[in-house]
Amino acid sequence: MSVLIKGGRVVTAADDYVGDVFVDGERISLLGEDLDVTADTTIDASGKLVLPGLVDPHTHLDMPFGGTTTIDDVQSGQTAAAFGGTTCHVDFCIQPQGSTFAAALDEWRSKASGKQVIDMGYHIAITDLSDPERLEELATLPEQGVTSYKLFMAYKGALQVDDETLFRSMEVAAASGALVMVHAENGDAIDVLVKQALAAGHTAPHYHALTRPPETEGEATNRAIQLARVAGCPLYVVHVSCKESVEPIALAREKGWDVWGETCTQYFFVDQTFLERPNFEGAKYVYTPPPRAKANQDVLWNAVRTDVLSAISTDHCSFLWDGQKTLGRDDFSKIPNGGPGLENRLHMIHHFGVGEGRITLNRMVELLSTNPAKLFGLYPRKGTIAPGSDADLVIFDPTRRKTITAAGQHSKTDYNLYEGTEVTGDVDTVLIRGTVVVGDGELKVEPGFGEFVARAKFGEELRPAVARA
Ligand code: URP
Ligand code: ZN
Ligand code: ZN
């Protein structure tokens with residue numbers, strides 16, 4: 001099957017031109033002006049943007065967490081992703097305490113099997129290295145296409161690891177070719193603050209933010225950076241929310257260290273006052289790190305513009321407000337941490353980032369697609385529009401108006417962080433490996449279409465010849 005996408009404005013991290021994209025089978029074959037080719041299907045993209053499929057490097061689908069399980073499984077989460085122009089994501093496979101990584105990956109792959117709508121890979125989230133065999137096993141994962149290790153420096157008593165586990169993982173990564181990702185908050189200090197707040201009778205959702213001050217994020221970010229420097233591994237700090245963690249990342253990058261940072265859509269738009277919304281509405285915004293003081297939003301825009309931060313993810317970790325968030329009605333520390341967002345990253349960043357002049361279109365593509373693909377071993381199969389790359393393409397109408405609502409979304413959750421926000425620009429058609437996945441407002445593929453992608457080691461390119469996992 002071949003597809004000709006005609007006359008769109010093709011935008012990558014580097015290019016911006018009006019032209020045609022010819023797709024032969026699963027890959028992009030030709031690019032040019034007025035291509036003289038015949039195709040099985042022709043899509044008129046005039047007046048529209050043609051973007052590389054977006055890559056979301058940070059999602060949590062079908063994940064047990066906070067006494068419950070995220071409401072979006074692979075099928076609903078990836079359907080939401082596809083409607084938002086995300087064609088590939090990297091989800092977190094969490095090692096249960098005492099388990100091998102192989103068993104964890106088997107379990108997560110079987111949860112996804114037959115449900116996949118878009119392409120995906122896994123990061124391994126390390127929780128337990130007490131058995132020395134785990135270190136050996138960890139070193140083998142990059143060969144299997146699992147090329148990033150995630151460690152939580154918070155969530156004491158659940159996912160949190162100590163500094164020894166963090167540092168040993170970093171040493172393995174330095175030798176195995178993995179990228180280390182950290183959830184950087186000082187979990188021990190936060191645990192003390194949470195206990196003190198509850199003892200004082202402070203149970204409402206806004207205490208989630210008050211017990212996780214920005215300094216606890218800044219301290220852990222700096223600690224992880226320094227430890228990664230000693231271990232000699234590359235480091236990626238997830239969901240950076242505030243000035244206190246932007247600053248150590250900026251300093252490390254200025255020194256030329258192998259440190260990258262990511263923020264998430266919600267940190268540009270939701271501030272800590274949202275947690276004070278009455279009738280327990282504030283619980284919708286209980287995610288970690290918490291929404292911060294509004295002044296941080298300009299800091300984050302500046303950081304993504306100047307490449308202090310290199311990616312924008314969603315950290316999609318969705319729960320129902322009614323029935324899941326309400327587990328913490330009498331105790332903020334029992335509200336499952338996480339928020340939805342997979343479907344609206346492009347809408348929000350295009351409208352408020354590009355539309356309001358904060359970042360360029362090229363930079364938006366870099367932040368939402370190219371940089372995540374490069375950092376997580378997917379590039380140039382994913383993350384760009386070039387001959388030989390997977391034909392993962394988003395045809396985006398920059399003039400179509402859309403009002404974001406929970407009622408109109410594909411996630412199974414019952415709320416939307418951006419409810420009622422009006423944006424200009426909407427996804428028209430999405431292709432993955434040359435197949436139309438979203439078109440005419442409908443999902444065009446059956447679950448099971450999406451594939452696992454074996455990712456390249458850190459710093460290496462993923463060429464089509466690399467086998468799929
Ligand atoms: O609140 C959040 N972010 N939940 C998901 C787990 C994590 O910390 O990324
Ligand atoms: Zn986290
Ligand atoms: Zn997360």
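Both ligands and their constituent atoms are indexed starting at 1 by order of listing.
For the pair Met63 and ligand 1, no heavy-atom separation below 4.0 Å is found. Remark: distances from the non-hydrogen atoms of Phe92 to ligand 1 are all 4.0 Å or more.
Between Thr288 and ligand 1, at least one pair of N/O atoms sits closer than 3.5 Å. In terms of N/O distances under 3.5 Å, ligand 1 is not approached by Val286.
Between Tyr155 and His183, the distance separating the two ring centers is shorter than 6.0 angstrom. Between Tyr287 and His208, the ring centre distance reaches or exceeds 6.0 Å.
Nearest N/O/S atom of His60 with respect to the Zn ion (ligand 3) is recorded as NE2. No other N/O/S atom of Asp315 lies as close to the Zn ion (ligand 3) as OD1 does. Nearest to the Zn ion (ligand 2), among the N, O or S atoms that His183 has, is ND1.
By the 4.0 Å N-to-carboxylate-O rule, Asp188 lies close enough to Lys156 to be salt-bridged with it. For Arg381 and Glu461, the salt-bridge test fails: no basic side-chain N is under 4.0 Å from an acidic carboxylate O.
Geometric assessment of Lys325 against the ring of Phe319 yields a negative cation-pi assignment under the 6.0 Å and 45° thresholds.
Each of the following atoms of ligand 1 lies closer than 4.0 Å to a heavy atom of Tyr287: 1 (O). For ligand 1 and Asn337, the ligand atoms under 4.0 Å from any heavy atom of the residue are 1 (O), 2 (C), 4 (N).
Defined by atom type and a distance below 3.5 Å, a donor-acceptor pair is present between the side-chain atoms of Asp72 and His316.
Closest to atom 9 (O) of ligand 1 among all protein heavy atoms lies His60 NE2, 3.1 Å. Ranking protein heavy atoms by distance to atom 7 (C) of ligand 1, first place goes to Tyr155 OH, 3.4 Å.
Here His239 does not reach the Zn ion (ligand 3): none of its N/O/S atoms is less than 2.8 Å from the metal.
A donor-acceptor pair under 3.5 Å links the side-chain atoms of Thr70 to the main chain of Met63, judged by distance alone.
Lys402 NZ: more than 12 foreign heavy atoms inside a 6.0 Å radius. No more than 12 heavy-atom neighbours from other residues, nucleotides or ligands sit within 6.0 angstrom of CZ on Arg168.
Contacts between Asp315 and ligand 1 below 4.0 angstrom, taking non-hydrogen atoms only, involve the side chain exclusively.
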